[in-house]
2 protein chains.
Amino acid sequence: MDYADTKCEENLRALEDALYVLGGKWRLRILAAMFSGHKRFNDLQRTIHGISARVLSNELKQLELNGLLKREVHVDKTPVVTEYVYTEYARSIDNVIVTLADWGQKHKEKITTTCQNH
Amino acid sequence: MDYADTKCEENLRALEDALYVLGGKWRLRILAAMFSGHKRFNDLQRTIHGISARVLSNELKQLELNGLLKREVHVDKTPVVTEYVYTEYARSIDNVIVTLADWGQKHKEKITTTCQNH
DNA sequence: CGGAATCCGGGGGGATACTG
DNA sequence: CAGTATCCCCCCGGATTCCG
């Protein structure tokens, strides 16, 4: 195994590490919704089409365990307000989402023009 | 709905478009393996730990339908050799994978140092 | 080697109802 | 609103077998 192979293996492992945290159907969508300003449970559920309350609840717990968001209960307000806010660390995922969204944008354009051309 | 909201909605939709093609458990892993030089069916299955033959087969078909790879059967060789090669268009995904792998790398470092600190 | 076909089991997740 | 609990169905995908 030469240097190039080693480098590739490292990349594959790094990709695994990322997907372990960000993979799955909902993780990135939830983070993207939060980056878009949505913070409350029902608000998130309404924004992320198709997700059920139970799944959203579980995913939020996982994201919290991974240090990507923090659950904040404001008892001082009436009625009590629960907010999910992303951590400073979660901002490092911005790049990932933007890169992915950019690709999606370009891909959609490509599909559209391809369909027009025949 | 003001400009910022519209922009956010666009980003969410673009993310959906990307995840429609690249989402799921295996898509990015398969593409990453291909970028690493793996081209043949059993080679890919060996590289991508945990994937079964049927799932790999199905995923490859989907990736081909989306124009990300091409199935090439070289009848001129003996025995016949089947290769899966990514298209020129698939190179646009390089960014996504690199960004994700970078984040995974950083994340692993963070986890490691965090564990050492307490 | 590169797959397709069939069988089959578990568990992920939807629906609904309920609670604080 | 912000979830939890229970039920239960469906289908994803593993294992196995077979084929060119």
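In the text below, chain A, chain B and the rest are named by the order of the sequence lines, each starting its count at 1.
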So which heavy atom on B:D17 is nearest to which on A:G104, and how close? CB-O, 4.0 Å
Atom CD of B:E83 and atom P of C:dG2: how far apart are they, to the nearest Å? 9 Å
Taking only Lys NZ, Arg NE, NH1 and NH2, and the carboxylate oxygens of Asp or Glu, determine whether A:R91 and A:E88 approach each other closer than 4.0 Å. yes
Flag if over 12 foreign heavy atoms under 6.0 Å of OH, A:Y20: no
Between B:R27 and B:V21, is there a donor-acceptor pair closer than 3.5 Å when you use the side chain of the first and the backbone of the second? yes
Which parts of nucleotides 3-20 of chain D does protein reach within less than 4.0 Å, heavy atoms only, written one letter per nucleotide 5' to 3' as B for base, S for sugar-phosphate only and - for none? SS-B------BB------
Would you indicate, yes or no, if D:dC1 has its OP1 or OP2 atom less than 4.0 angstrom from a side-chain nitrogen or oxygen of A:R46? yes
A:Q45 CD to C:dT16 C1', in whole Å, measures 13 Å
Common cluster, B:Y84/B:Y89, ILVMFWY with side-chain heavy-atom separation under 4.5 Å: yes
